[in-house]
Amino acid sequence: MSVALSVQCPECAGAVPVSDELMVAEIVICQHCSSELEVVATGPVVLALAPEVEEDWGE
Amino acid sequence: MSVALSVQCPECAGAVPVSDELMVAEIVICQHCSSELEVVATGPVVLALAPEVEEDWGE
Amino acid sequence: MAQDDSRDLLDGARTGRSTPGGVIVVKIGGGADPEAVLDEVAERAAAGRPTVLVHGGGAAADELADQLGVRREVIRSPDGTHSRRTDQPMLEVITMALLGQVKPELVSGLRARGARAVGLSGADGEMLTAKRKPAIRSVQDGRTVLIRDDRSGQIERVDPTPVQAVLARGDVPVVSPPASDAEGHLLNVDADETAARLAVALEADALVLLTDVVGVLTDPTDPSTRLPEVGPEHLDGDLVRGRMRHKVRAGLRASRTVAHVAIAAAKQDRPIRRALGGAGT
Amino acid sequence: MAQDDSRDLLDGARTGRSTPGGVIVVKIGGGADPEAVLDEVAERAAAGRPTVLVHGGGAAADELADQLGVRREVIRSPDGTHSRRTDQPMLEVITMALLGQVKPELVSGLRARGARAVGLSGADGEMLTAKRKPAIRSVQDGRTVLIRDDRSGQIERVDPTPVQAVLARGDVPVVSPPASDAEGHLLNVDADETAARLAVALEADALVLLTDVVGVLTDPTDPSTRLPEVGPEHLDGDLVRGRMRHKVRAGLRASRTVAHVAIAAAKQDRPIRRALGGAGT
Ligand SMILES: [Zn+2]
Ligand SMILES: [Zn+2]
């Protein structure tokens, strides 16, 4: 059963919908600011800005 | 049950007592000539001169 | 990676090339039967033509992991690349398989053919220094998940000196992952990348990546779809998938400085010569 | 193997010794915690004092054999020596454990301490050429049985060139079995013998065999029975048993040409210095 909850985006403070099916370390996208967020904890869900995507192969 | 059999020593032709408990690759000593003999096969037992003892450690 | 008539490359003396000794780097998987490659490498060694043999060992690592009960997983990154999930137990399995099974077999095989070989890993003599990514993205069941315990890395620095020392003696270096980081911790790196980076660092004349297919195929099940040449554009879409993306990417990077780069089949007669003659990609 | 004040040995520069660079050979088991030895080896390397680290790995091989379901057996020869039954599966386990587990750990440990190390096996560069005995005698339940599938051998020839090349660069060679025969087949050899033969071939100043006991003990359970010195007569009877016989034999052979030979405990502070100072045998 999915409960309609939301958590504040750590970047823009917008409402990010979360469900109890989210896994720790999962990535969710904030629809307001497009930031990649990481599920740092569940029960309750805590979000943080996800680490940068590092470029492959140097250069 | 051990049957009183003997086989000819390949070196000196003396009688070497053998039993059906002998294992392949086992070493037996001929009491007549003191040679080291190897059980090459069982059922029936076949004996051959055992390989030389190689010296350890060179020299 | 253009087709070239490789005969002048292999008959090095006639070309008067000014590259250092005409060394070539050959990479094999470690799963496929190495007999034909070993024959050719030993032949080159006997003729005084320096060759570096790089190997992986994914199949051996998989089998050993299963025997030891170590979990195997494939990480599918958002860009479509597949890579092995390398947590600490898997890193130990990879190390055991590459250094303790595949490499000794290749060194033995070369000696049996009259060549002298020296096994090296990236950790030896700081030959390959790598850096791990603290967090990597993995796509599972439509979710993207961050993985932080991964012990794989990318090669940051290559010191070819240990390899050159072996070559100077006329021996065949047999090189593989793992690499180590600056603190000495082992990291798994891609064997194709290893071969490519070494080829660049050694200013090699050629890099040959041998695989179990005849070349880069748009349809991996259909050998007739072999591409005689590839360029960076081939990596943009979905045309090249899975492990072959690693090879193509490594090959393209190397081709900026290495004159001849080829991807071809290991399971043929004289695979190195045929690969450089254009039989692959 | 006499007691010596080792300070002048370790402070090589002051003695004006004419031996080549004052290299010493240190052998560890591979089972014991290597931390103290690695500390000291890294320290020596930083001070420009060449050290060769030889290792075995019986405990690691035993554990891996059990995990893989490979049978373990000890061969008790008529003269009382114990050796590992080394059929082909066990040889593969030994190779995996020594080259794929113990050696990478030591190379990593040295790098973590700021030293650069290069792993080598006897098969690399034909460093150790061995010959197997076609038939060995094993005493089981009072019977003597011939074993013909044994893949262990004795070292026939030592080529120290690969080790010297690593030392010349200021790096630490980390050396172990297996060796190979003239046809390239791997053979297990004794790690203590490996260390001793290398010490002789390198004209080393010292050979230190580190173990889990404080020295050669007449009663292996009682450290107070440590013999400060041993000679060939100690091998005649039953005084020295089991694995220690291998060490004593190897040490005695080496002592004909190596000035300082010691057998001592690995599990102490600064084990190398203390061993050469007479704390062992
Ligand atoms: Zn936001
Ligand atoms: Zn007789």
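Here is the naming used below: chain letters follow the sequence lines, and residue numbers restart at 1 for every chain.
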Separation between [atom1] of [X] and [atom2] of [Y], rounded to the nearest 0.5 Å:
| X | Y | atom1 | atom2 | value |
| --- | --- | --- | --- | --- |
| Met127(C) | Arg116(D) | CE | CZ | 12.0 Å |
| Gln101(C) | Leu99(D) | CD | CG | 11.0 Å |
| Gln67(C) | Leu64(D) | CD | CG | 9.5 Å |
| Lys103(D) | Ser121(C) | NZ | OG | 10.5 Å |
| Met96(D) | Leu98(C) | CE | CG | 12.5 Å |
| Leu120(C) | Leu120(D) | CG | CG | 7.5 Å |

For [X] and [Y], which heavy atoms make the closest approach, and how far apart are they?
| X | Y | result |
| --- | --- | --- |
| Ser108(D) | Gly184(C) | OG-O, 3.0 Å |
| Arg111(D) | Thr129(C) | NH2-OG1, 3.4 Å |
| Pro104(D) | Thr95(C) | CG-CG2, 3.6 Å |

Quiz item: Who wins among Ala97(C), Gly69(C), Ala117(C) for the most heavy-atom pairs under 4.5 Å with chain D?
Solution: Ala117(C)

Sequence neighbours left out, cut at 3.5 Å: what donor-acceptor pairs do the side chains of residues 162-169 of chain C make with other protein atoms?
unit_1, atom_1, unit_2, atom_2, d
Arg169(C), NH2, Asp159(D), OD2, 2.6
Arg169(C), NH2, Thr161(D), OG1, 3.4

Exercise. Measure distances from Glu126(D) to the heavy atoms of chain C and classify the residue's part below 4.5 Å as side chain, backbone, both or neither.
Key: both

Quiz item: Considering residues, nucleotides and ligands other than Glu63(D), do more than 12 of their heavy atoms fall under 6.0 Å from its CD?
Solution: no

Quiz item: Looking at Ala115(D), Gly119(D), Gly114(D), which has the largest count of heavy-atom pairs under 4.5 Å with chain C?
Solution: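 Greatest number of close heavy-atom pairs with chain C: Gly119(D).
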
